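Please read all numbers here as calculations on a predicted model, not as lab measurements. Note that these values count all heavy atoms, side chains included, but never hydrogens, waters or copies made by symmetry.
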Amino acid sequence: MPHGTTIVALSFPHGVVMAGDRRATMGNYIAQRDIEKVFHADDYSCVGIAGTAGIAIEMVRLFQVELEHYEKIEGATLSLEGKANRLAQMIRGNLGMAMQGLAVVPLFAGYDLETDVGRIFSYDITGGRYEEHKFHSVGSGSLFARGALKKLWQEELSPDDAVLCAVQSLYDAADEDSATGGPDLTRRIFPVVATVTTDGYRRLSDDEVGAFVDTVIAGRMDNPGGPPAPLR
Amino acid sequence: MTMPFGYVSPEQVMKDRADYARKGIARGRSVLVLAFDGGILFCGENPSRALHKISEIYDRIAFAAVGKYNEFENLRMAGVRYADLRGYSYDRADVTGRGLANVFAQTLGAIFTQESKPFEVEIAIAEVGQTPDEDQIYRLTYDGSVAEERGFVVMGGQAEQVHTELEQRYQPGMTLADSLSLAVELLGRDPAGGEHRTLTGPQLEVAVLDRARPRRTFRRISGPLLDRLLGHEPSEEGPHVPTPDEKDTSPPTALAGGSHEPPGPVRNDDEA
């Protein structure tokens, strides 16, 4: 069955960006080349999924409904911590399936209205919830993406630079991991990129992401390894 | 045929219940639902920021109620649950105002006949369509009867007078600012014929279903945006609500029982 692969998220001042490649794999086959793995959770948060696509997408759907339902019933939105905890419980509920090999490992990120910062939460299959600072990645290409993020992430990234950073790291993941899809230039299929800031959730249009992808590709023509980090 | 002692005919029981419910509803203040060119407007007098009479149910559906707070809050929550469950089980497009009105009608009808006391509520369910022709407004009363209304619905204390006046002055395709000022003017009428009141932003609860918005079309209008609309700004400003919208950050709705309705205009009890 299809598996989703790489998701990255990184914070920047007063916001967070999340991006995911578009490939789903079934063993060594490509199951889908334009799958979407980064979703709107509510107006101030997003969720990206890696792992068994069917279960993961269903979990996200339920998560979205729960957040919206709470908001309408109570007349107030859940705190970001509250949302992160609720998602942890849902992952814990899938533990039985995860032990049989159908794991779902989401990455959750959002804008905290109380503290005015972007925050990132990662999970393990038992529902363990860990807050990440700066950046994080999940999925099969996550190690390569995280290596890239470690070198590229900086304290005061502008929102645009944060998006570029995410696209660069996904490129590196696709470069090393066969299950992660790189930008598909012939079909114009690009990563799904979303930002969450004080203005709320926003998914970048294909044209916007296309511009970032073009920048990345142009750079890699000269230096296939991507932007070099200063040695000292 | 001998009548057992204390026999009350079903006709009398139903009549008493209806009178009881009507009396309860008439005590509260009115809420207006009006279709305008860019969507559907909800407007009521309600100084409370936390206890709403107007609420979102689903993407294109909203709910307005008058009467006893704990009773219509009960219905509202059931409505949200119904809509969210439907949308999750099937698809968001499969949640319709008609379906919801049916559910409410069943519930209200059952309560009216089976419980010892009917709900003292009147409800409007509105669904904004892709075009003004597809807008739907349903009005439900305490006994479970449903009526589909064209253009507007008035509920609550001064409903009859306001309704008569709206019939003359309401026109399809009004702008948001025009329909809001009409609604606010009518809400400020004194049924006893006294002086008209001019209601201001903090006294009002205003919301719209904005046709132009994607997905969740319900937005509350309060604060500076409401003041601007009430200030009779040039009505060419546009059919739909300007963004950024007012985010609803009110604290959780209290669910205490009893009547939280602010006292309405004084009425002579014998005319009820």
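The contact between Tyr58(B) and chain A is made by backbone and side chain atoms together, counting heavy-atom distances below 4.5 Å. Only the side chain of Arg216(B) comes within contact range of chain A, with heavy atoms under 4.5 Å apart. Looking at Leu62(A), both its backbone and its side chain come within 4.5 Å of chain B, counting heavy atoms on both sides.
Across Val80(B) and His69(A), no two heavy atoms sit closer than the pair CG1-ND1, 3.6 Å. Pairing each heavy atom of Arg76(B) with each of Ile73(A), the nearest pair is NH2-O, 2.9 Å.
Proximity to chain B at a heavy-atom threshold of 4.5 Å picks out nothing from residues 119-135 of chain A.
Annotation for Met99(A): atom CE does not count as buried by contact number, only 12 or fewer foreign heavy atoms lying within 6.0 Å. Atom CD of Gln89(A) has more than 12 heavy atoms from other residues, nucleotides or ligands within 6.0 Å.
Interatomic distance, Glu71(A) CD to Asp84(B) CG, rounded to the nearest 0.5 Å: 10.5 Å.
Put simply, the side chain of Lys72(A) gets close to the backbone of Ile57(B): a donor and an acceptor are under 3.5 Å apart.
Applying the salt bridge (charged side-chain N to carboxylate O under 4.0 Å, His left out) test to every pair with at least one member in residues 93-104 of chain B, sequence neighbours left out, gives no pairs at all.
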